[in-house]
Number of protein chains: 2
Amino acid sequence: MVRQAIGLFWRQGFSASSMQQVVQATGLNPGSIYLAFGNKEGLFREALDRYAQEGLAMIRRTIESAPSIGEGICRHLEGVIEEATKRNYKSCFLVKTQLELSAQGNELYKLAAAKLDEVEALFRGYLEKEYGRELAQRRAASIMLHLFGIRVYGYRRACAGPARRPSVAAVGLGSVCLPVPFSTPCSRVHN
Amino acid sequence: MVRQAIGLFWRQGFSASSMQQVVQATGLNPGSIYLAFGNKEGLFREALDRYAQEGLAMIRRTIESAPSIGEGICRHLEGVIEEATKRNYKSCFLVKTQLELSAQGNELYKLAAAKLDEVEALFRGYLEKEYGRELAQRRAASIMLHLFGIRVYGYRRACAGPARRPSVAAVGLGSVCLPVPFSTPCSRVHN
DNA sequence: CCACTTTTTGAATGACTGTTCAAGATTTGC
DNA sequence: GCAAATCTTGAACAGTCATTCAAAAAGTGG
């Protein structure tokens with residue numbers, strides 16, 4: 001129910017998704033949706049929230065199951081890169097929402113931005129266990145910056161059609177973007 | 001005329017901008033707009049095209065007026081970073097368009113992607129004057145990746161309100177993201 | 001089996017969408 | 001200074017939008 005809404009909103013964005021499409025995607029009737037979520041924005045908020053919650057949980061799982069924090073963060077980045085090279089890559093729901101709804105202090109924009117802040121804070125928290133506060137903060141910011149880059153760059157490549165795919169491998173996304181923030185904690189991916 | 005359309009579409013995106021808003025922003029009548037551009041998509045295409053053209057011209061100017069190609073690219077990146085820390089930063093029209101209109105092989109998405117490819121090709125062309133083809137290609141890809149990251153990360157910060165601003169400086173966007181692709185060509189910004 | 005509450009239904013609503021085009025204004029050619 | 005051609009105007013159009021709500025269905029307690 002919220003799951004299908006996530007899929008639709010993630011793919012098409014807020015404005016381009018009509019409630020009729022939501023009705024079709026979820027199989028629910030308009031009345032039920034409005035009873036449960038108030039309005040389109042309420043449903044979108046719920047979808048965004050769920051998406052962010054699951055994303056944060058996945059990051060935590062990845063990092064905590066790794067032998068070290070640096071290695072865990074590396075694994076997460078590698079996962080994001082692998083995801084970004086797949087066909088029909090949808091980029092990040094939070095990033096897309098933020099960019100779409102940035103005009104006039106939109107409430108949903110603020111929510112997306114807050115969730116992205118949570119992600120950054122999560123990285124910062126882990127990094128503070130190994131580095132000083134300031135270095136942890138800078139590394140977390142760097143990770144976010146790289147994640148955004150991967151998600152947009154990978155997105156472009158993924159949607160450009162199969163003819164373009166080989167160049168992704170040729171460019172070597174992994175070897176180009178990973179070395180930076182992890183020259184120390186994760187030498188494995190350093191070229 | 002197209003200028004005002006750029007402003008509106010850049011800020012609000014394609015779906016969230018109504019033709020009535022376009023009419024108000026440009027001061028033209030619906031009929032004139034439809035005579036000149038066919039439809040909303042035609043006007044958007046024109047706006048996107050003009051924006052990309054001017055962006056490419058600015059990059060060329062920056063690089064060619066610099067003492068070296070590496071230094072020129074650095075200056076461009078620094079300019080983008082500075083821009084991204086300003087209030088009411090609008091991110092990149094091409095990136096926003098690409099992320100908004102990615103679903104179902106949209107024509108405007110393809111245009112935005114093609115224009116971003118042109119930007120990457122421009123960097124590649126310059127870099128090939130100093131490096132081998134493969135290295136130039138990888139460096140150009142890296143630059144694009146960093147540019148996307150800066151534009152999204154900076155965007156988030158810029159819109160989060162004045163209370164958040166100091167942390168941008170504290171994180172040190174410049175020193176975190178710049179060192180990567182330019183450790184050789186532009187040692188100035190390497191920390 | 002009934003009376004009562006809760007949930008579900010989906011056609012209807014008014015506002016707004018992108019787009020059109022006949023009528024009016026302006027320019028052009030002579 | 002007129003007639004033809006071109007451009008401009010903006011009210012009107014059909015369609016879609018998010019949203020509502022009376023009526024039907026399902027659930028509940030005794």
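Chain letters run A, B, ... following the sequence lines, proteins first, then strands; residues in each count from 1.
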* Taking the side chain of A:Ser32 as heavy atoms from C-beta outward, which of D:dT9, C:dT9, D:dT19 is closest to it? -> C:dT9
* Within this structure, what is the CG-to-P distance between A:Leu35 and D:dC21, rounded to whole angstrom? -> 13 Å
* Which is true for A:Ser17 with a 4.0 Å heavy-atom rule: it touches a base, it touches only sugar-phosphate, or it touches nothing? -> sugar-phosphate
* Structure fact -> Taken to the nearest whole Å, CE/B:Met1 to C1'/D:dC7 is 12 Å
* Of the nucleotides D:dT8, C:dG18, D:dA11, which has the atom closest to the B:Lys40 side chain? -> C:dG18
* **Atom of A:Met1, atom of A:Thr26 and distance for their closest heavy-atom approach** => O-CG2, 3.5 Å
* Asked: Would B:Arg45 and B:Glu41 satisfy salt bridge (charged side-chain N to carboxylate O under 4.0 Å, His left out), going step by step from the backbone distance to the final call?
  -> CA-CA 6 Å; B:Arg45 180 163 39 240; B:Glu41 188 173 322; 3.6 Å; yes
* Short N-O contact, A:Glu78 and A:Arg75, less than 4.0 angstrom -> no
* A:Met19 has an atom CE; how far is it from atom C1' of C:dG10, in whole Å? -> 14 Å
* From A:Leu116 CG over to A:Cys92 SG, what is the distance, rounded to the nearest 0.5 angstrom? -> 6.0 Å
* When you check the gap from the basic side-chain N to the acidic O, do B:Glu118 and B:Lys115 get nearer than 4.0 Å? -> yes
* Asked: Rounded to whole angstroms, how far apart are CG on B:Asn29 and P on C:dT20?
  -> 16 Å
* To do: Figure out the CG/C1' separation between B:Leu28 and D:dC7, and round it to whole Å.
  => 13 Å
* Value rounded to 0.5 Å, distance of CG in A:Asp117 from CG in A:Leu122 -> 12.5 Å
* To do: For A:Ser18, answer base if it contacts any base atom (sugar-phosphate contacts may also be present), sugar-phosphate if it contacts only those atoms, and nothing otherwise; contact means non-hydrogen atoms under 4.0 Å.
  => sugar-phosphate
* Which residue, B:Glu54, B:Gln53, B:Arg60, B:Met58, forms the side chain to side chain contact (heavy atoms under 4.5 Å, CB included) with B:Leu56? -> B:Arg60
* **Separation of atom CD in B:Gln24 from atom C1' in D:dG10, rounded to whole Å** => 15 Å
* To do: Indicate whether OP1 or OP2 belonging to D:dC17 is found under 4.0 Å from a side-chain N or O atom of A:Gln20.
  => yes
What's touching nucleotides 24-27 of chain C from the protein side, N or O pairs under 3.5 Å?
none

* Asked: For B:Phe37 and C:dT19, what is the distance between atoms CZ and P respectively, to the nearest whole Å?
  -> 14 Å
* Between C:dT20 and B:Tyr34, is there an OP1 or OP2 to side-chain N/O distance shorter than 4.0 Å? -> no
* To do: Return the value, rounded to whole Å, for the distance between atom CZ of A:Phe44 and atom P of D:dA18.
  => 13 Å
